[in-house]
Engineer: 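After the structure tokens below, expect a handful of questions from me.
Everything numeric in this text was worked out from a predicted model, so none of it was measured. A, B, ... follow the sequence lines: proteins, then strands. Residue 1 opens every chain.
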There are 2 protein chains.
Amino acid sequence: MKRNKQGCDLKSCFLCRLCSKEWLPAVDAHRQSFHVNKGELLFTEGTEVTGIYFIYKGTFKVHKKWTEDKELIVRLARSGAILGHRGLGNDVFYPVSATALEPGEVCFIDIGFFQSTLKVNPQFLYELMMFFAGELKESEKKMRNLAHMPVKGRIAQALLSIQSTFGTSPDGFLDINLSRQDLASYTGTTYETVFRLMNELVQEGSIALSGRNIYITDADKLLTYTVQ
Amino acid sequence: MKRNKQGCDLKSCFLCRLCSKEWLPAVDAHRQSFHVNKGELLFTEGTEVTGIYFIYKGTFKVHKKWTEDKELIVRLARSGAILGHRGLGNDVFYPVSATALEPGEVCFIDIGFFQSTLKVNPQFLYELMMFFAGELKESEKKMRNLAHMPVKGRIAQALLSIQSTFGTSPDGFLDINLSRQDLASYTGTTYETVFRLMNELVQEGSIALSGRNIYITDADKLLTYTVQ
DNA sequence: CGTAGAGTTGACTTTTGTCAAAATCCGTGG
DNA sequence: CCACGGATTTTGACAAAAGTCAACTCTACG
């Protein structure tokens with residue numbers, strides 16, 4: 001992770017967008033910008049919370065370890081998103097790790113200054129609370145799906161949700177670089193199962209593949225495997 | 001649900017404990033107290049959010065529907081807890097239902113007044129945000145367990161967690177009235193599976209059963225099925 | 001070119017869910 | 001007090017879904 005000068009333009013990130021004009025200079029003085037390489041860990045599950053990150057550029061996976069070779073990806077995040085907020089609360093250790101899926105730029109706010117920011121920016125605090133409420137809602141929906149929806153439906157859901165947050169590149173493929181293993185970890189299943197079920201989805205004409213790239217051919221058909 | 005006069009003592013609930021002394025009279029003027037019968041729905045998934053509840057007495061399950069005869073219980077709550085906060089956020093519909101597991105008393109705050117409370121009680125807002133952060137952390141841990149931990153471990157985990165929140169009655173049984181079906185919904189599995197695996201736990205001497213009551217004989221042994 | 005990592009496939013096992021049928025419990029009304 | 005009906009509990013047989021293991025292939029990339 002390399003510290004650099006480039007940073008948030010003070011408009012696009014979750015923090016700068018929502019805190020008061022008067023506070024922005026303080027944010028600007030305190031924040032640190034970093035370049036992150038693909039595959040690099042931004043923070044690690046179980047280590048002490050040092051601060052909060054905001055993604056200026058790039059894509060990150062937020063994941064929770066199970067065994068040495070198994071994890072669950074709880075979130076995929078892109079530019080503008082906040083990272084590390086799961087470290088807030090009574091516990092002083094990050095409950096998850098964050099890894100860059102592609103090279104990116106992030107802005108770091110140390111936890112002390114972040115706390116001060118919350119104190120003097122009720123509007124930001126309010127939005128952060130609402131953000132947490134939304135995340136919790138989302139998380140519990142995923143939980144229910146994990147408990148009751150068959151893997152094929154979870155994969156369909158994941159692909160649709162990825163399309164809606166990351167969109168498609170000009171050639172129509174999902175605009176994210178996600179390995180099959182990551183897709184498996186995101187849907188709470190195994191590599192081989194993802195592979196087999198994706199093949200079925202191809203056979204049925206719901207999706208098309210080109211190497212690691214995924215093209216959603218028939219979103220409606222995918223929807224039939226999901227709920228809501 | 002019957003409206004009554006008895007209500008919060010202004011000290012024990014999540015709201016009254018944390019908002020400013022000056023605001024308490026307003027809370028007192030606005031809150032409504034209700035008696036809830038066993039099995040009664042406090043609010044229903046998909047209906048419009050009317051307000052937030054605080055449990056004065058009793059036990060509630062917070063659950064999310066899957067099919068007609070399947071659900072996932074996302075939370076078990078007891079006196080002092082907040083209910084309905086999952087209704088906060090952009091969406092105006094409750095994403096879950098809450099059902100009384102035994103007769104109880106709740107205090108209701110309409111959403112409008114709750115919003116005002118947030119505006120004038122930054123300390124409460126801060127604690128609410130922290131509370132959400134904790135819930136999210138918890139939810140994602142459960143999610144990972146649902147994805148990777150075998151059912152037996154999830155049951156063990158559930159029993160231990162119930163013991164730590166609800167404690168035991170004088171005779172040593174878990175102090176909660178939870179049907180096997182509810183335990184199945186709480187661990188994301190089926191009635192029969194819960195039944196069979198609980199039998200195994202009895203055989204192994206980890207727990208003992210007496211009707212619907214559960215006694216944890218060997219917490220350490222239960223722990224070996226779980227993680228952390 | 002060789003090697004590491006990712007993709008592909010098949011055979012097999014295990015876990016868990018489903019269905020159906022008995023057995024048992026429990027409250028109610030006769 | 002007892003019979004009844006409904007709900008819950010208990011059990012078994014079976015099916016389906018998903019995980020595991022192992023081997024083989026393909027590429028990207030030094």
Side-chain angles (χ1 to χ4, degrees), chain A residues 37-39 61 66-73 99 101-102 144-158 173 176-204 207-215 225-227, chain B residues 37-39 61 66-72 99 101 143-158 176-204 207-214 225-226:
Chain A
N37 295 318
K38 177 176 173 172
K61 65 171 176 178
W66 175 241
T67 54
E68 209 46 56
D69 53 353
K70 260 188 190 167
E71 61 178 16
L72 182 74
I73 295 178
T99 304
L101 294 177
E102 54 183 79
R144 184 207 53 186
N145 293 346
L146 214 37
H148 294 307
M149 190 187 281
V151 179
K152 198 164 176 179
R154 304 210 299 267
I155 294 175
Q157 183 102 298
F173 292 106
I176 188 176
N177 188 318
L178 201 65
S179 73
R180 296 289 154 86
Q181 180 55 62
D182 279 341
L183 190 52
S185 301
Y186 191 49
T187 49
T189 183
T190 58
Y191 184 90
E192 293 94 328
T193 298
V194 162
F195 177 80
R196 285 182 240 262
L197 294 176
M198 295 246 299
N199 270 349
E200 288 187 23
L201 291 175
V202 171
Q203 299 302 314
E204 297 162 8
I207 62 174
L209 301 175
S210 162
R212 172 174 290 192
N213 291 321
I214 303 171
Y215 187 100
Y225 292 113
T226 72
V227 158
Chain B
N37 295 319
K38 177 175 174 172
K61 65 171 176 177
W66 175 242
T67 53
E68 209 45 57
D69 53 353
K70 259 188 191 170
E71 62 178 15
L72 181 75
T99 303
L101 294 178
M143 216 171 122
R144 184 207 54 187
N145 292 347
L146 215 37
H148 293 307
M149 191 187 280
V151 179
K152 198 166 177 179
R154 303 209 300 266
I155 294 176
Q157 183 101 296
I176 189 176
N177 188 318
L178 201 64
S179 73
R180 295 291 154 85
Q181 181 54 63
D182 279 341
L183 190 53
S185 301
Y186 191 48
T187 49
T189 182
T190 59
Y191 183 92
E192 293 93 329
T193 298
V194 163
F195 177 80
R196 286 182 240 262
L197 294 176
M198 295 248 297
N199 270 350
E200 288 186 24
L201 291 175
V202 171
Q203 298 303 314
E204 297 162 8
I207 62 174
L209 300 176
S210 163
R212 171 174 292 194
N213 291 320
I214 303 171
Y225 291 114
T226 70

Engineer: To the nearest 0.5 angstrom, please state how far the CD1 atom of B/I155 sits from the OG1 atom of B/T187.
Structural biologist: 5.0 Å

Engineer: Measure from CE on B/M149 to P on D/dG19 and round the result to the nearest Å.
Structural biologist: 16 Å

Engineer: Test your reading of the model: is there a side-chain donor-acceptor pair from B/R212 to the backbone of B/N177, 3.5 Å cut-off?
Structural biologist: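 Side chain of B/R212 to backbone of B/N177: no pair is present.
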
Engineer: If I take atom CD in residue B/E200 and atom C1' in nucleotide D/dT11, what distance separates them, rounded to the nearest angstrom?
Structural biologist: 14 Å

Engineer: Quick one: is A/T190 getting a side-chain N or O under 4.0 Å of the D/dG19 phosphate, OP1 or OP2?
Structural biologist: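 For A/T190, the contact criterion (side-chain N or O under 4.0 Å from OP1 or OP2 of D/dG19) is met.
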
Engineer: What is the distance, rounded to the nearest whole Å, between atom CZ of A/R180 and atom C1' of C/dG5?
Structural biologist: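 Nearest whole value for this atom pair: 14 Å.
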
Engineer: Taking the side chain of B/F195 as its heavy atoms from C-beta onward, which of D/dG19, D/dT10, C/dT18 lies nearest to it?
Structural biologist: D/dT10

Engineer: I need the NZ-P distance between A/K70 and D/dA18, as an integer number of Å.
Structural biologist: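 Atom-to-atom, A/K70 to D/dA18, this comes out as 14 Å.
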
Engineer: Closest nucleotide of DNA chain C for A/L209 versus for B/L197: which of these residues is on the 5' side?
Structural biologist: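 With A/L209 and B/L197 compared, the 5'-side residue is A/L209.
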
Engineer: Which of these nucleotides, D/dT9, C/dA6, D/dT20, is closest to any side-chain atom of A/R212?
Structural biologist: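 The answer is C/dA6.
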
Engineer: Among D/dT11, D/dT9, D/dA22, which is the nearest nucleotide to the side chain of A/E192?
Structural biologist: D/dA22

Engineer: Considering only D/dT9, C/dT9, D/dG12, which nucleotide approaches the side chain of B/Y191 most closely?
Structural biologist: D/dT9

Engineer: Would a distance-only check, ignoring hydrogens and angles, find a side-chain to backbone donor-acceptor pair under 3.5 Å from A/R144 to B/L72?
Structural biologist: no

Engineer: Could you work out which one of C/dT9, C/dT18, C/dA6 sits closest to the side chain of A/R196?
Structural biologist: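 Nearest listed nucleotide: C/dT9.
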
Engineer: Just compare C/dG17, D/dT11, C/dT16 and give me whichever is closest to any side-chain atom of B/P150.
Structural biologist: C/dT16

Engineer: Please state how far atom CG in B/D69 lies from atom P in C/dG17, giving the value in whole angstrom units.
Structural biologist: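 It is 14 Å, rounded to the nearest whole Å.
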
Engineer: Using whole Å, what does the distance between atom P of nucleotide D/dA7 and atom CD of B/Q181 come to?
Structural biologist: 14 Å

Engineer: Would you call the rings of A/H148 and B/W66 parallel, tilted or perpendicular, where under 30° means parallel and over 60° means perpendicular?
Structural biologist: parallel

Engineer: If you check every side-chain atom of A/T189, which of C/dG17, C/dT8, D/dG19 has the closest atom?
Structural biologist: D/dG19

Engineer: Identify whether any heavy atom of B/K152 sits under 4.0 Å from a base atom; if not, whether one sits that close to sugar-phosphate; answer base, sugar-phosphate or nothing.
Structural biologist: nothing

Engineer: Contact class for B/S179 (heavy atom, under 4.0 Å): base, sugar-phosphate, or nothing?
Structural biologist: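 Nothing: the residue B/S179, judged by heavy atoms under 4.0 Å, touches no strand.
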
Engineer: Counting distance only, does the side-chain N/O of A/S179 pair as donor-acceptor with the main-chain N or O of A/D182 below 3.5 Å?
Structural biologist: yes

Engineer: Given atom CG of B/D182 and atom P of D/dT8, what is their separation to the nearest angstrom?
Structural biologist: 10 Å

Engineer: Under 4.0 Å between a side-chain N or O of B/N199 and OP1 or OP2 of D/dT9?
Structural biologist: no

Engineer: With a 4.0 Å cutoff (strictly under), does any side-chain N or O of B/T193 reach OP1 or OP2 of C/dT16?
Structural biologist: no

Engineer: Can you check the B/Q203 CD to D/dT11 P distance for me, whole Å?
Structural biologist: 10 Å

Engineer: When you look at OH of A/Y215, are more than 12 heavy atoms from neighbouring residues, nucleotides or ligands closer to it than 6.0 Å?
Structural biologist: no

